[in-house]
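Notes for the one structure printed next.
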Amino acid sequence: MSNIEKVYQFLHDAGTYYLATVEGDQPRVRPFGTILLYEDKLYIQTGKRKDVSRQLAENPKAEVCAFMNGTWLRVSGKLVNDDRREVKVAMLDKYPGLKNMYSADDGNTQVLYFKDATAVFSSFTAAPEEIKF
Ligand SMILES: Cc1cc2nc3c(=O)[nH]c(=O)nc-3n(C[C@H](O)[C@H](O)[C@H](O)COP(=O)(O)O)c2cc1C
């Protein structure tokens with residue numbers, strides 16, 4: 001398994017992660033679940049109408065955190081918008097339940113990928129493991 005696959009697999013298996021953005025000098029955090037590995041990039045999904053999308057457009061710096069089986073993962077970096085239809089389709093195909101609310105052509109569905117990212121796996125029992133992608 002490559003390094004980015006390891007990060008993807010952890011977030012996929014954790015099921016829920018928490019996404020932090022910045023609004024002015026105020027951190028904002030909320031639960032997220034969508035995660036997709038596409039062309040060796042780590043993608044998340046949201047709606048362009050959401051506050052989180054507006055915050056990322058103004059400041060792409062973000063961090064996600066997930067905890068599972070005694071290990072936590074933090075991924076920080078920039079979340080970059082990708083308007084390619086094929087990625088939106090791949091995301092919605094992975095999460096068919098989202099098709100109630102979103103479609104690739106609705107002008108709302110948004111996928112973003114991590115750029116200049118640093119991922120750190122941590123636990124109370126082992127040294128931290130850092131991965132850059
Ligand atoms: C378990 C769980 C997973 C979620 N996953 C996502 C997701 O992947 N993308 C998304 O846009 N919203 C997701 N949501 C909903 C967001 O947390 C919610 O819309 C939040 O209010 C968005 O942040 P904002 O209000 O700052 O825009 C999820 C909610 C829960 C409870």
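Counting convention: from 1, in listed order, for ligands and their atoms alike.
With hydrogens and angles disregarded, no donor-acceptor distance shorter than 3.5 Å links the side chain of D116 to the backbone of K78. Counting only distance, with no hydrogens or angles, the side chain of Y8 and the backbone of K41 share no donor-acceptor pair below 3.5 Å.
Each of the atoms 26 (O), 27 (O) of ligand 1 lies under 4.0 Å from some heavy atom of D51. Of all atoms in ligand 1, listed by their number and element, those nearer than 4.0 Å to a heavy atom of T46 are 10 (C), 11 (O).
Residues K99 and D93 are paired through a salt bridge, judged by an N-O separation under 4.0 Å between the basic side chain and the carboxylate.
Heavy atoms from both the backbone and the side chain of V52 come within less than 4.0 Å of ligand 1.
Stacking of K94 on the aromatic ring of Y43 is not recorded, the 6.0 Å distance cut-off and the 45° axial limit not both being met.
Counting protein heavy atoms under 4.0 angstrom from atom 23 (O) of ligand 1 gives one or more.
Taking distance alone, with nitrogen or oxygen atoms compared against 3.5 Å, K50 approaches ligand 1 more closely than that limit. Geometrically, ligand 1 and T34 share a nitrogen or oxygen pair separated by less than 3.5 Å. Every N/O-N/O distance between Y102 and ligand 1 stays at or above 3.5 Å.
For an aromatic pair to be called close, the ring centres must be under 6.0 Å apart, and W72 with F124 satisfies this.
Residue contacts with ligand 1: R28 is excluded, as none of its non-hydrogen atoms falls under 4.0 Å.
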